[in-house]
Amino acid sequence: MDQVTVRFADGSSAAYPRGTQLAAVARDRGAGDALAARVDGVERDLATPLERDAAVEWLSFADPAGRAVFWHSSAHLLAQAVRELFPQAKLAIGPAIDDGFYYDFDIGRPFGPEDLARIEARMLELAARDERIERIAVPRAEAQRAFAAAGERYKAELLEGIADDPVSFYRQDGFQDMCRGPHLASTGPIRAIKLLSTSGAYWRGDERREMLQRIYGISFPAQAALDAHLARIEEAKRRDHRKVGRDLELFASVEEVGQGLPLWLPRGATVRRLLDRYITDLEGSLGYEHVHTPDLASVELYKISGHWDHYRDNMYPPMRVDGEELVLRPMNCPHHIMIYKHRQHSYRELPVRIAELGTMYRYERSGVLSGLARVRAMTLNDAHIFCRPDQLTDEFVGVVRLIQQAYRDLGLRGFWYRLSLRDPRDRTKFVQNDAMWSLAEAQLREAMRRLELDYEEAPGEASFYGPKLDVQVPNVLGKDETISTVQIDFYLPERFGLEYIGEDSQPRRPVMIHRGVISTLERMMAFLIEQYAGAFPLWLAPEQVRVLPIADRHVGYAHRVRSELAARGMRVEVDASSERTGHKIRAAQLMKIPYMLVVGDREAREGTVSVRSRSRGDEGSYALAAFVARVVDEAASRRHDDAPSAP
RNA sequence: GCCCUCGUAGCUCAAUGGCAGAGCACCUCACUUGUAAUGAGGGGGUUACCGGUUCAAGUCCGGUCGAGGGCUCCA
């Protein structure tokens, strides 16, 4: 009785004849949607025979790992279609990514939109044939010969980086590609495909090497899922902060001012001021001291900090005046350090928390600029905490609590924590001081434990001077963005010779924490615009209430209503145009103004307002005083629970 | 910076190599309006910029600038 015992993820187990293929087990277990499987933790094709007892976990399209298999096979299908349509194409790499797949080709010319349509159509034809995908083992030498004969120099180079002999290939319908796998059992499940874009991409991500042509695509087991995905992309476009920023008159970029140098229009500047006040007040209540420092500094300051050596390429070149070399500051920390150094500090007064919404200038390469999200002049919600080593954990915990509070008020959700640590093997990217790193990393873990927060560790993602916590927030497309960051720094205190006087009246070295909570005002603005589709919660709305008089004779009463609200700090305008009420409502809705107050004969006579909410529509009549009280209260509560308005 | 795509009125978009147009917005006039667009009229353009091909260029070609999608970068 030659059997193997299989344990499944649900805890059950079953016995099968040795050599049974996973596909047969899946059928037997009713796991018809399995695309591949994890066998003892290793991903395998369903064609894999079971040769010994094993733990098996099915991977379907519902699992990230299953999707990766699906998209990886889709990438092979893309390569097959391109190879059939462009026989001269040389293949590079084609992995699955978070949202689909891509494949890099060298075909000696770029792909155009018509090419994408043809390739996509060919992929669908190939998938419909439901060809079997099989894994084959090819002796290394044979693969080398084949690549050389076909001129597949990229594949040949990839093979050099692989130690296996034989190496695995996957073959479908006469097309084959060197690949580790696993893959789908056949091409049939790939029923809906969309090729989304083409772009240039450097071979191996190295800008000194060949520029290849990359095709991005996505695929699904069913058309409905593809349609839903494309609808999400459309929704993201509708919310794009660059479009909403223009439509709602929040900010503008003009060529005459320069690349990456946006102008904040009055409405956008209002939101910016509100964010500035909000975070400044919150920090003030938590013991931060706000300062103002200049946007320029002597280049000497950055030579001391070490930034000049590490970061010069991203700084604007120095201006020479009166024998001095000045640079636009690319960060604020050296200025804050000088404020700390301005006088002596006792161990009793630490921690010192110096904060500033400081404007910084970074020379970003032109290709990376994007709306407000990536600019060359930006104002960072920055602060530097100078503390004793024994205070580090407490201070770190305090910063994380501050972040949590800000996210509650701003309505940021779905975020997670990433501890970015050094890669101990990379001796060039990180400051060399093993004891310092170990201590800092241990203290961060301890703080996270005390906060009872889950986090992921990301080795190699630390900054050069110390480990950090990044708070990742998913944007409209579900992609994570780093919004807040808390960085431990033992390095700059050393560079600048920072001190405090200890209990024993001897000088000691403080530790620094660099932290940004709401990122730069530019990036936070971009993020919030997209999150709210421009329909800011009442407390952040640039115009909170608009009064709509029915006819000219009601304009006087409308202004009285406006004054009552303005006296309570509300931002209110009157639409005194000669349009019909429907038109005024439409205009206010399109500007996403939270409340519209319709006032006519009845309201003027009774001292009321007819309230319309942008999200809930007509809410009926309110006594003016009652509405004022309600709306003032709602703004103070910073509620952000009203649904985004329809387009 | 590199690859590709794109650049027409404030916005969204038309215009086979053959007279630069529409809707919205703006201005004027009339209407005095009750919960998502009242009607009529008017102004607004070196078709991003520079050069070339052509009898003729928004359209074709080259360059520059800018934007977008990626690559690279993000201490």
Side-chain angles (χ1 to χ4, degrees), chain A residues 97 102 104 106 109-113 115-116 196-216 233 237 240 242-243 246-247 249 252-260 302 305-315 330-331 333 362-371 373-374 378 429-431 461-466 468 482 485 487 489 491-492 514 523 548-555 577-591 596-603 610-614 616-621 645-647:
Chain A
I97 53 178
Y102 68 78
D104 286 347
D106 184 350
R109 69 164 182 92
F111 291 110
D115 296 326
L116 282 195
L196 296 164
S197 63
T198 61
S199 76
Y202 301 110
W203 167 233
R204 304 211 133 175
D206 184 339
E207 61 184 320
R208 290 164 306 196
R209 307 214 44 188
E210 299 85 337
M211 178 68 74
L212 304 176
Q213 296 303 315
R214 175 171 298 180
I215 296 178
Y216 284 93
I233 293 176
K237 269 192 205 154
D240 188 316
R242 292 165 301 197
K243 174 178 164 48
R246 187 169 55 235
D247 291 347
E249 298 176 24
S253 295
V254 301
E255 225 176 288
E256 291 84 340
V257 174
Q259 278 186 289
Y302 299 98
S305 69
H307 290 115
W308 186 247
D309 286 339
H310 271 92
Y311 197 62
R312 193 183 326 182
D313 290 347
N314 286 295
M315 292 169 65
M331 71 283 303
C333 28
R362 298 181 178 188
Y363 170 69
E364 302 278 9
R365 303 214 278 179
S366 62
V368 308
L369 300 173
S370 173
R374 195 79 183 262
M378 69 219 89
K429 196 177 161 192
F430 305 103
V431 174
E461 292 293 314
S463 55
F464 81 88
Y465 51 69
K468 59 180 181 171
T482 303
T485 170
Q487 310 183 353
D489 181 1
Y491 176 72
L492 284 180
H514 307 242
R523 235 155 66 74
L548 312 180
I550 299 278
D552 290 350
R553 63 179 178 282
H554 308 123
V555 170
S577 67
S578 65
E579 299 291 346
R580 269 104 181 113
T581 305
H583 185 98
K584 295 182 181 182
I585 286 171
R586 178 178 157 80
Q589 285 284 164
L590 290 176
M591 291 304 278
M596 289 149 269
L597 303 179
V598 179
V599 296
D601 289 332
R602 192 170 61 237
E603 288 77 13
S610 180
V611 177
R612 180 187 167 95
S613 145
R614 74 175 165 206
R616 299 177 294 272
D618 193 345
E619 299 195 335
S621 186
S645 65

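Numbers restart at 1 for each chain; the letters A, B, ... are given by sequence-line order, proteins then strands.
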Item checked: Span that lies between the C1' atom of G23(B) and that of C6(B), in whole angstrom -> 23 Å
Check: Which nucleotide, A36(B), G69(B), C73(B), lies nearest any side-chain atom of S370(A)?
Finding: G69(B)
Note to self: Whether the side chain of K468(A) engages the backbone of S463(A) through a donor-acceptor N/O pair (distance < 3.5 Å, no angle test) should be reported.
What the structure shows: no
Margin query: Considering every strand and a 4.0 Å limit on heavy-atom distances, what is the contact class for R242(A): base, sugar-phosphate, or nothing?
Written below: sugar-phosphate
Note to self: How close do P330(A) and R362(A) get, counting heavy atoms only, and between which atoms?
What the structure shows: O-NE, 2.8 Å
Item checked: Donor-acceptor pair present, Y202(A) side chain and G1(B) base, under 3.5 Å -> yes
Next item on the list: Send over the distance from R374(A) CZ to A67(B) C1', rounded to a whole Å.
Entry: 17 Å
Notebook entry, point to check: Has the side chain of R586(A) got a donor or acceptor that lies under 3.5 Å from a partner of the other kind on the base of C24(B)?
Noted result: no
Check: At under 4.0 Å between heavy atoms, what does R580(A) touch on the DNA or RNA strands: base, sugar-phosphate, or nothing?
Finding: base
Next item on the list: Could you tell me the separation between the CG atom of D313(A) and the P atom of G1(B), rounded to a whole number of Å?
Entry: 13 Å
Item checked: Length of the line joining D247(A):CG and C24(B):C1', which is rounded to integer Å -> 12 Å
Next item on the list: Start with the C-alpha gap between K584(A) and M596(A), add the side-chain angles, then the distance that decides, and say whether side-chain contact (heavy atoms from CB on, under 4.5 Å) holds.
Entry: CA-CA 9 Å; K584(A) 295 182 181 182; M596(A) 289 149 269; over 6 Å; no
Notebook entry, point to check: Does any N or O donor sit under 3.5 Å from an N or O acceptor when you compare the side chain of E603(A) with the base of G34(B)?
Noted result: yes
Notebook entry, point to check: What does R246(A) touch in the nucleic acid at a heavy-atom separation under 4.0 angstrom: a base, only the sugar-phosphate, or nothing?
Noted result: sugar-phosphate
Item checked: Between C24(B) and G18(B) - C1' atom distance, rounded Å -> 30 Å
Notebook entry, point to check: C1' atom, U8(B) versus G21(B): distance in rounded Å?
Noted result: 10 Å
Notebook entry, point to check: OP1 or OP2 of A67(B) less than 4.0 angstrom from a side-chain nitrogen or oxygen of Q259(A), does that happen here?
Noted result: yes
Note to self: How close do R612(A) and D618(A) get, counting heavy atoms only, and between which atoms?
What the structure shows: CG-N, 4.1 Å
Notebook entry, point to check: Distance between the P atoms of U32(B) and A22(B), in whole angstroms?
Noted result: 30 Å
Margin query: Using heavy-atom distances to pick each residue's nearest nucleotide on RNA chain B, tell me which of K468(A) and R214(A) is more 5'.
Written below: R214(A)
Next item on the list: Using the C1' atom on both, measure G63(B) against C74(B) and round to a whole Å.
Entry: 32 Å
Margin query: For a quick check of understanding: with a heavy-atom distance under 4.0 Å over all strands, which category does E364(A) fall into, base, sugar-phosphate or nothing?
Written below: nothing
Checklist line | Set of residues satisfying ring-ring contact (aromatic ring centres under 6.0 Å, His included) with respect to H514(A), sequence neighbours excluded | finding: H384(A), Y465(A)
Margin query: For G582(A), is there any backbone N or O sitting under 3.5 Å from a side-chain donor or acceptor partner on R586(A)?
Written below: no
Next item on the list: Can you see which heavy atom on R374(A) is nearest to which on V368(A), and at what distance?
Entry: CG-O, 3.2 Å
Next item on the list: Could you check which of A36(B), G1(B), A30(B) has an atom nearest any side-chain atom of I585(A)?
Entry: A36(B)
Next item on the list: May I have the distance from R602(A) (atom CZ) to U33(B) (atom P), rounded to whole angstrom?
Entry: 14 Å
Next item on the list: Just call it for L369(A): base, sugar-phosphate, or nothing, with non-hydrogen atoms closer than 4.0 Å on any strand.
Entry: sugar-phosphate
Next item on the list: Using the C1' atom as the reference point in each nucleotide, state the distance between U16(B) and U59(B) in Å, no decimals.
Entry: 10 Å
Notebook entry, point to check: Between C74(B) atom C1' and Y465(A) atom OH, what is the distance in whole Å?
Noted result: 12 Å
Next item on the list: Mind calculating the distance between CZ (R365(A)) and P (C73(B)) to the nearest angstrom?
Entry: 8 Å
Notebook entry, point to check: T198(A) has a side chain; which of C3(B), C71(B), C4(B) sits nearest to it?
Noted result: C4(B)
Item checked: Proximity to the side chain of S197(A) - top-ranked nucleotide from U72(B), G34(B), G69(B) -> G69(B)
Checklist line | Residues R242(A) and D240(A) bridged, charged N to O under 4.0 Å | finding: yes
Note to self: Taking any heavy-atom pair under 4.0 Å as a contact, classify D206(A): base, sugar-phosphate, or nothing.
What the structure shows: nothing
Note to self: Can you give me the dot-bracket string for RNA chain B, 5' to 3', counting Watson-Crick and G-U wobble pairs with both distances under 3.5 Å, using [ ] for crossing pairs and | for partners on another strand?
What the structure shows: (((((((..((((....[..)))).(((((.......))))).....(((((..]....))))))))))))....
Next item on the list: Send over the distance from Y102(A) OH to C71(B) C1', rounded to a whole Å.
Entry: 10 Å
Margin query: Working to the nearest 0.5 angstrom, can you tell me the gap between D104(A) CG and I215(A) CD1?
Written below: 9.5 Å
Note to self: Mind checking if Y216(A) touches a base, just sugar-phosphate, or nothing, with heavy atoms under 4.0 Å?
What the structure shows: sugar-phosphate
Check: With respect to the side chain of S578(A), which nucleotide from A36(B), C31(B), C73(B) is positioned closest?
Finding: C31(B)
Next item on the list: Please lay out, stage by stage, how L548(A) and V599(A) fare under the test side-chain contact (heavy atoms from CB on, under 4.5 Å).
Entry: CA-CA 6 Å; L548(A) 312 180; V599(A) 296; over 6 Å; no
Check: Looking across every strand, which nucleic acid part, if any, lies under 4.0 Å from G466(A) by heavy atom: base, sugar-phosphate, or nothing?
Finding: nothing
Notebook entry, point to check: In whole angstroms, how far is the C1' atom of U72(B) from the CG atom of D104(A)?
Noted result: 13 Å
Checklist line | Rounded C1' spacing from G45(B) to A14(B) in Å | finding: 15 Å
Notebook entry, point to check: Pick the nucleotide of RNA chain B nearest each of H554(A) and E579(A); which residue has the one closer to the 5' end?
Noted result: H554(A)
Notebook entry, point to check: Roughly how far, to the nearest 0.5 Å, is CD of E210(A) from CH2 of W203(A)?
Noted result: 8.5 Å
Notebook entry, point to check: Using a cut-off of less than 4.0 Å, is there contact between a side-chain N or O of R553(A) and OP1 or OP2 of U33(B)?
Noted result: yes
Margin query: At 4.0 Å (heavy atoms only), tell me whether G582(A) reaches a base, stays on the sugar-phosphate, or touches nothing.
Written below: sugar-phosphate
Item checked: Per T581(A) side chain, nearest of listed nucleotides G1(B), C74(B), G34(B) -> G34(B)
Next item on the list: Using the C1' atom as the reference point in each nucleotide, state the distance between C4(B) and A57(B) in Å, no decimals.
Entry: 25 Å
Next item on the list: Considering just the side-chain nitrogens and oxygens of S366(A), establish if one lies under 4.0 Å of OP1 or OP2 belonging to G1(B).
Entry: yes
Next item on the list: Check every strand shown and say whether S253(A) touches a base, only sugar-phosphate, or nothing at a heavy-atom separation below 4.0 Å.
Entry: nothing
Item checked: side-chain N/O H583(A) vs A25(B) OP1/OP2, d < 4.0 Å -> yes
